[in-house]
There are 2 protein chains.
Amino acid sequence: VERFRALTPSEFFYRNKELAGFSNPARALYQTVRELLENALDATDSHLIKPVIKVIIKRDEVNEKLFSVSVEDNGIGIPYTHVPKAFGQLLYSSKYVLRQTRGMFGLGAKMAVLYGQMTAGKPVEVVTSPMLSRRIYFFKVAIDVKTNTPRIVERGSYVKGSGWHGTIVKISLEGDWMRSKSKIYEYLRRTAIIAPYADIVFEDPEGTVVYFERSIEKLPVPPREVKPHPKGVDIEMLKMMLSSSKAKSLKEFLVREFQSVGEVTALRIISEAGLDPTLSPREVDSSGVERLVEAIKSDNRIKPPKGDHLSFVGPEIIEAGLKSVLRPEFVSAITRRPSVYAGHAFIVEAGIAFGGEIQPSDKPILYRYANKIPLLYDEGSDVARKVVDSIDWGNYGVSFPAPLAVLVHICSTKIPYKGVGKESVADVPEVQKEIELAVREVARRLRRYLTKKRREREEAER
Amino acid sequence: VERFRALTPSEFFYRNKELAGFSNPARALYQTVRELLENALDATDSHLIKPVIKVIIKRDEVNEKLFSVSVEDNGIGIPYTHVPKAFGQLLYSSKYVLRQTRGMFGLGAKMAVLYGQMTAGKPVEVVTSPMLSRRIYFFKVAIDVKTNTPRIVERGSYVKGSGWHGTIVKISLEGDWMRSKSKIYEYLRRTAIIAPYADIVFEDPEGTVVYFERSIEKLPVPPREVKPHPKGVDIEMLKMMLSSSKAKSLKEFLVREFQSVGEVTALRIISEAGLDPTLSPREVDSSGVERLVEAIKSDNRIKPPKGDHLSFVGPEIIEAGLKSVLRPEFVSAITRRPSVYAGHAFIVEAGIAFGGEIQPSDKPILYRYANKIPLLYDEGSDVARKVVDSIDWGNYGVSFPAPLAVLVHICSTKIPYKGVGKESVADVPEVQKEIELAVREVARRLRRYLTKKRREREEAER
Ligand SMILES: Nc1ncnc2c1ncn2[C@@H]1O[C@H](COP(=O)(O)OP(=O)(O)OP(=O)(O)O)[C@@H](O)[C@H]1O
Ligand SMILES: Nc1ncnc2c1ncn2[C@@H]1O[C@H](COP(=O)(O)OP(=O)(O)OP(=O)(O)O)[C@@H](O)[C@H]1O
Ligand SMILES: [Mg+2]
Ligand SMILES: [Mg+2]
């Protein structure tokens, strides 16, 4: 006899934590560091704050399998009313809006808290103060897994004695430092490449302190929130938007709720769907919704999203990052114009670095990024690896083994990740095409450099 | 100003449907067929019913982008009280118990319903009748995405005129038959290899009817539900089990709630944790729970799970399946003894097929299965591909190109899938090791056959 049951999101992700990257103590330690660091960077560079971040991993003095991971940032802080849910309720987030951020799932911090709770039995410790707040708030939060609600174990606040603003998050968990050490250092190194404007201090369990020093003062353009684009719409989304819109007419609804839709476009879509533009949004019936979606899909005159809301890194910062970390002989980067997939604008950036201190390898070393997050695992199923491997590098003057590194960065209001652990990107055709165009462009610049170098060498030999 | 928000599971998976395999119309059509077929097979062979399944994909007469997918089975049916949630509420399942089934997430059918709702605007149609029921029940169900609750659009029942039992599920959705045709046929073909005891009729949108006929009468041993094994326990799980257990003492709790724990083992664990065996489960405090988990982890005398609850396919059925579908010259299969990872017993089975109608290829064709589900995508990041590629096939008398197919099947109460779309398995060390031992064993048998064949040929030539 089948026993039916419903799970809460916390029960579901507790049972399937490996889906989120928490598959064993070594991966869990890595994932905890990255989830907290990504939150810290979102809280700073997305708000034009030059990030100053401290990451400390300590080994427990009693139980050598236990570690504490602490990440402090100088970001915008978290309003105290939201702290319990931000850390104690799965699927709770401030990043569910249409804006390019590292975070997108509302799971990262909670999965780390959950893993810590399962393996070390301790609540997460959060200290935070928003910029305009006169107080500093501290919490100890645990997740009630059965109900997906936060349990506040301890809370308090005190008056701020300084101008400090930001957040400190500390999680205790079972880890495996020896097995995750190289991946954690590589993650930090790759973060320094894509975010050379960040000051990151890292103290590891062996007491080693590494300072990834800011090497450029320039910050990327911060991301802006945008309205959805009509080409990303489906029947369900349109129904939800129609029922919650404050617009008084169908025409006002389309112009107000979507980007790239002016009066002319709205009237054309409405007429194509055989509807009355003065209809109240809530009066559109199911068949009307379907005809609207159909009209939008078949309309070829709707302008694509501009993409100027995206926060690309830019060639200057990428080259500075590659130079500072890889110390190559040659470096070049490119930022492509915005493109679109499924109604989401995206920008592909590519960088190439050659020679200098780069170690020769049998195929290009690939530095993959999505919304400024370094992706280290599952390279084999990532679209960027597929593109880089499909290129005949001999055409660009490169014969392996060669000291060649390729950087690929995709930014978008929605990254088509293959899993909630954010390790690889699906091969969406539009994205794959843009990556290829970007990589071939920087490869051509490398070829020009190698050709020029070879000629200079031949010249010198005469 | 950050806008915080909570999502329901339906809102989350609606926004991130590509995580579940619904990334575009072609993949969605494929995923819908497989999710429904996997439910149909779970409802039959896990209950010792020889599956008779009909899969029909029709193209909409008006809109050539729309399809209906209908799957009918002769399974155990669904009790009518559970139908609305089974199809209209995400994270609702009868497979959240510790038993080896294809289903495990409580998402499959709902994701297909959701995709159909978004792209075709139609509810799912379900007709079902449990074996002992005198009525046939029918429903049209939609998902209220905002609240993750079912909306019953239509319902009814009538008296059964025959002995029919089973379920028919029909979903309308946007698809792309031309792009998913070969994958759908391959999925059915691979299902026929692993389940040659199933009768599957498939009618495609072009009107073609293919009959995957039962080629063996033997069914696999059905899976049994088991209690959790102590080696899979963590602090959170133990807390939840202690608070919900009906046991009167801590000793009774351990013996009753876990497999492989008798009185002696229970007393040893309790004493190691410094606790009183007569303590009521609900009186164990946080520190006591941590000490219990620690005692269990460091105890080396707890028997590993027996694994006799697992439903392996067995060499006879695997060889029959490989013969019937691939028509090779040589075939051999092996079922390994149960092994363990993270407290879950698992069995690896391997099959090898050579020559005959198999087309030569540059590396072995890999047929991957997990809990009898064929895995077709993301082969590059799957542990089985990693193992098969790491083997030097020259040692076994195979030089490529060669007509060689390798089958790998992992069965367990928990498959470490990399994503909820069930396409690839993570490389858990214990599982990887078992796959290698199994594949090398059937490779040795192939070598013996090839050697014998070569000798016979040399003999004949003299
Ligand atoms: N260091 C921080 N500074 C400011 N806000 C933070 C910080 N850490 C977490 N938050 C807030 O808590 C929320 C939840 O974080 P969490 O990592 O769980 O989800 P997310 O970042 O929104 O999405 P993802 O699962 O993709 O990481 C964030 O959306 C953010 O609003
Ligand atoms: N054809 C069927 N016959 C009997 N029961 C079914 C059938 N299809 C669905 N069900 C029931 O509906 C439940 C939900 O199915 P669904 O596919 O959504 O989740 P699942 O199979 O439990 O897990 P997964 O997401 O891994 O597929 C199943 O657990 C099962 O109880
Ligand atoms: Mg986050
Ligand atoms: Mg299912």
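Hydrogens, waters and symmetry mates are skipped; everything else that's a heavy atom, side chains included, is used.
- Most heavy-atom pairs under 4.5 Å with chain B: of the set A:G421, A:G121, A:S93, this distinction falls to A:S93.
- Looking at A:T8, only its backbone comes within 4.5 Å of chain B, counting heavy atoms on both sides.
- Side chains of A:D234 and B:Y14: a donor on one and an acceptor on the other come within 3.5 Å.
- Residues B:V420 and A:L19 approach most closely at CG1-CD1, 3.4 Å, considering heavy atoms.
- Taking the charged nitrogens against the carboxylate oxygens, B:K17 and A:E236 have no contact shorter than 4.0 Å, which rules out a salt bridge.
- With contacts defined as side-chain heavy-atom distances shorter than 4.5 Å, the pair B:R15/A:Y96 qualifies.
- Within the 4.5 Å cutoff, the side chain of B:N16 has heavy atoms near those of the A:M104 side chain.
- Here the OG1 atom belonging to B:T119 is positioned 7.0 Å from the NZ atom belonging to A:K297, to the nearest 0.5 angstrom.
- The greatest number of non-hydrogen atom pairs below 4.5 Å with chain B, out of A:H82, A:E18, A:H47, A:E379, is found for A:H82.
- Look at B:K65 and A:E294 and you find no salt bridge, because none of the NZ, NE, NH1 or NH2 atoms lies under 4.0 Å from a carboxylate O.
- The part of A:M240 that comes within reach of chain B is its side chain, from C-beta onward, which places non-hydrogen atoms under 4.5 angstrom from that chain.
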Assess the residue pair B:K122 and A:E290 against the criterion (salt bridge (Lys or Arg N to Asp or Glu O under 4.0 Å)); give the C-alpha distance rounded to whole Å, side-chain angles, the decisive distance to 0.1 Å, and a yes or no.
CA-CA 10 Å; B:K122 293 214 185 95; A:E290 291 178 37; over 6 Å; no
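- One finds a salt bridge joining B:E225 and A:R3 here, because a Lys/Arg side-chain nitrogen approaches an Asp/Glu carboxylate oxygen to under 4.0 Å.
- Heavy-atom pairs under 4.5 Å with chain A were tallied for B:K239, B:K414, B:K85; the largest tally goes to B:K414.
- Most heavy-atom pairs under 4.5 Å with chain B: of the set A:A120, A:G21, A:A342, this distinction falls to A:A120.
- Contact annotation: the side chain of A:L107 approaches that of B:F12 to within less than 4.5 Å [non-hydrogen atoms, C-beta and beyond].
- B:P79 touches chain A through its side chain: at least one heavy atom from C-beta onward sits under 4.5 Å away, while N, CA, C and O do not.
- Neither the backbone nor the side chain of B:E423 comes within less than 4.5 Å of any heavy atom of chain A.
- Comparing B:S286, B:G380, B:A6 by heavy-atom pairs within less than 4.5 Å of chain A, the highest count is held by B:A6.
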